[in-house]
> 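I'd like to ask some things about the structure below.
Note that these values count all heavy atoms, side chains included, but never hydrogens, waters or copies made by symmetry. Positions are given from 1 along the sequence.
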Amino acid sequence: KSDYYNQQNARCCYCSTTLVPHKATYDLEHILAKSNHPKFMFELRNLAAACKLCNGAKDDAEVLSDQGSQKIGGCFPAGSQDYEIVHPHFDAWGDYFRFDQFNRVVPRDVKAYYTFRLCQMQRVNVARLADNFGGKYREAAENYLMAFFVQEDPAKKQRYIDLLETIVEDGGLEKARYLLAVLNSEMAKEK
């Protein structure tokens, strides 16, 4: 477990969050779930260090592509094209994801977006955005931001923006004010 931690520069193989060095704070991830593919349980290219959020969200999901599924009867699927997710050994993280100005993880293509959704990386992004509110406002901001991002209805999304704007005004939070301007702009593009 610590070998993967060191090879990955103390970063989660999926969301790139910095992992805490204590082994109980991160997981040894089986990319192909051991419950679905027990014969690859100890395959070194099937293991990586992952944060508990990503590993828990991914759980036992099947991540093989059609091409990879055809190979599974024989040997370990050992190519990027064999996986629907960004594979920590066969794909370069930066080719599939980037960080935006708020340190959010942003998927660059379909494979990255599928990985993002499967590992529920939006939770990491929301936590990073909530840091802009700080102090006594952070928890409420995180709750409103999470509700904002899971909401589909534009009118309801706007209500969460309004609640966040109230927090910004009450606290005089300039960093958060800029964040809300960006979220409003992103929401306008969705329309």
Side-chain angles (χ1 to χ4, degrees), residues 1-100 102-131 142-143 145-152:
K1 188 171 170 178
S2 60
D3 286 342
Y4 291 104
Y5 173 90
N6 291 322
Q7 288 172 24
Q8 295 168 206
N9 296 317
R11 299 274 184 185
C12 172
C13 64
Y14 297 122
C15 70
S16 196
T17 294
T18 302
L19 301 172
V20 177
H22 192 282
K23 289 181 184 176
T25 62
Y26 63 94
D27 292 330
L28 182 62
E29 157 68 344
H30 291 82
I31 294 115
L32 293 176
K34 57 189 174 197
S35 61
N36 299 341
H37 305 283
K39 72 181 184 177
F40 300 124
M41 185 183 313
F42 301 111
E43 166 64 46
L44 297 178
R45 296 168 297 174
N46 191 42
L47 301 171
C51 73
K52 290 198 173 279
L53 289 174
C54 286
N55 190 36
K58 180 184 159 288
D59 196 30
D60 292 340
E62 184 55 67
V63 297
L64 286 172
S65 66
D66 290 340
Q67 181 173 332
S69 295
Q70 292 170 8
K71 292 180 182 177
I72 205 69
C75 48
F76 181 73
S80 175
Q81 69 282 356
D82 296 328
Y83 296 86
E84 290 184 346
I85 64 168
V86 176
H87 194 289
H89 297 289
F90 308 132
D91 297 313
W93 192 89
D95 291 344
Y96 291 89
F97 298 101
R98 67 176 179 82
F99 290 108
D100 74 0
F102 298 107
N103 206 27
R104 289 184 292 183
V105 177
V106 179
R108 293 179 185 247
D109 70 359
V110 173
K111 187 173 186 176
Y113 183 71
Y114 180 73
T115 307
F116 183 90
R117 280 192 13 251
L118 181 65
C119 294
Q120 298 176 15
M121 290 185 214
Q122 190 65 277
R123 295 180 299 179
V124 173
N125 285 349
V126 164
R128 290 175 177 165
L129 292 177
D131 289 344
E142 186 169 351
N143 291 334
L145 285 163
M146 184 56 81
F148 170 82
F149 283 110
V150 299
Q151 186 55 248
E152 303 266 336

> Is the closest side-chain heavy-atom distance between Lys111 and Asp91 below 4.5 Å?
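Yes, side chains in contact.
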> Side-chain contact test, heavy atoms from C-beta onward, threshold under 4.5 Å: evaluate it for Leu47 versus His30 and give yes or no.
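The answer is yes; the side chains approach within 4.5 Å.
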> Would a distance-only check, ignoring hydrogens and angles, find a side-chain to backbone donor-acceptor pair under 3.5 Å from Asn36 to Asp60?
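It does hold such a pair.
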> Please determine if Lys1 forms a cation-pi arrangement with Tyr26, meaning its NZ or CZ atom is less than 6.0 Å from the six-membered ring centre and no more than 45° off the ring axis.
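Yes, Lys1 lies over the aromatic ring of Tyr26.
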> What pair of heavy atoms forms the shortest contact from Gln122 to Phe116, and how long is it?
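Scanning both residues, the minimum pair turns out to be N-CZ, 3.7 Å.
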> Say you draw a straight line from CG of Leu129 to CZ of Phe149; how long is it, rounded to the nearest 0.5 Å?
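Atom-to-atom, Leu129:CG and Phe149:CZ are 5.5 Å apart.
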> Which atoms form the tightest heavy-atom contact between Leu53 and Arg123, and what is the distance?
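That closest heavy-atom pairing would be O-NH2, 3.0 Å.
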> Please evaluate residues Phe97 and Ser16 with respect to the criterion side-chain contact (heavy atoms from CB on, under 4.5 Å), reporting the C-alpha separation (whole Å), side-chain torsions for both, the decisive distance (0.1 Å), and the verdict.
CA-CA 10 Å; Phe97 298 101; Ser16 196; over 6 Å; no
> Given 3.5 Å as the limit, does a donor-acceptor pair link the side chain of Asp100 with the main chain of Phe102, or not?
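The answer is yes, because a donor-acceptor pair under 3.5 Å joins these two groups.
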> For Asp59, is the CG atom crowded, meaning more than 12 foreign heavy atoms sit under 6.0 Å from it?
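More than 12 within 6.0 Å, yes.
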> Ala50 and Cys12: which non-hydrogen atoms are nearest, and at how many Å?
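What the structure gives for the nearest pair is CA-SG, 3.8 Å.
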> Nearest heavy-atom pair of Thr25 and Lys52: which atoms, and what distance?
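Scanning both residues, the minimum pair turns out to be O-CG, 3.7 Å.
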> About how many Å separate OH of Tyr5 and SG of Cys13, when rounded to the nearest 0.5 Å?
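Interatomic distance, Cys13 SG to Tyr5 OH, rounded to 0.5 Å: 14.0 Å.
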> Would you say Tyr14 and Ile31 make side-chain contact, with heavy atoms under 4.5 Å?
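Yes; the side chains approach each other to less than 4.5 Å.
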> So do the side chains of His37 and Leu64 get within less than 4.5 Å of each other, counting heavy atoms only?
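In contact.
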> Quick check: do Pro88 and Glu29 have side-chain heavy atoms less than 4.5 Å from each other?
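No, their side chains stay 4.5 Å or more apart.
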> For Val105, is there any backbone N or O sitting under 3.5 Å from a side-chain donor or acceptor partner on Asn125?
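Answer holds: yes.
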> Taking the side chain as every heavy atom from C-beta outward, state whether Leu19 and Tyr4 have any pair of such atoms under 4.5 Å apart.
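Result no, sub-4.5 Å side-chain heavy-atom pair not found.
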> What distance separates Gln70 CD from Ser65 OG, expressed to the nearest 0.5 Å?
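If I round to the nearest 0.5 Å, the distance is 8.0 Å.
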> Any idea which heavy atoms bring Cys54 and Met121 closest together, and the distance?
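Residues Cys54 and Met121, closest heavy atoms: SG-CG, 4.4 Å.
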> What's the separation between atom CD in Gln81 and atom NZ in Lys71, rounded to the nearest 0.5 Å?
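Going from the CD atom of Gln81 to the NZ atom of Lys71 covers 5.0 Å.
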> Start with the C-alpha gap between Glu62 and Leu32, add the side-chain angles, then the distance that decides, and say whether side-chain contact (heavy atoms from CB on, under 4.5 Å) holds.
CA-CA 7 Å; Glu62 184 55 67; Leu32 293 176; 4.2 Å; yes
> Do the non-hydrogen side-chain atoms of Asn46 and Phe76 ever get within less than 4.5 Å of each other?
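In contact.
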> Any heavy-atom pair between the side chains of Leu118 and Val63 that's under 4.5 Å?
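Answer yes - side chains close enough.
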> Specify the closest pair of heavy atoms between Lys23 and Ser2, including all atoms of both residues, with the distance to one decimal.
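Smallest interatomic distance, heavy atoms only, reads CE-CB, 3.8 Å.
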> Measure from the side-chain N and O atoms of Gln8 to the backbone N and O of Ala49, and report whether any donor-acceptor pair falls under 3.5 Å.
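Between the backbone of Ala49 and the side chain of Gln8 there is a qualifying donor-acceptor contact (under 3.5 Å).
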> Taking atom types as modelled, is there a side-chain donor on Arg11 or Thr17 under 3.5 Å from an acceptor on the other?
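No donor-acceptor contact under 3.5 Å links the two side chains.
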> State the OG-OH distance between Ser80 and Tyr96, to the nearest 0.5 angstrom.
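Answer for the OG-OH pair, Ser80 versus Tyr96, is 3.5 Å.
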> If you count every heavy atom of other residues, nucleotides or ligands that lies below 6.0 Å from Phe90 atom CZ, does the total exceed 12?
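Yes, because the 6.0 Å sphere around CZ of Phe90 holds more than 12 heavy atoms from other groups.
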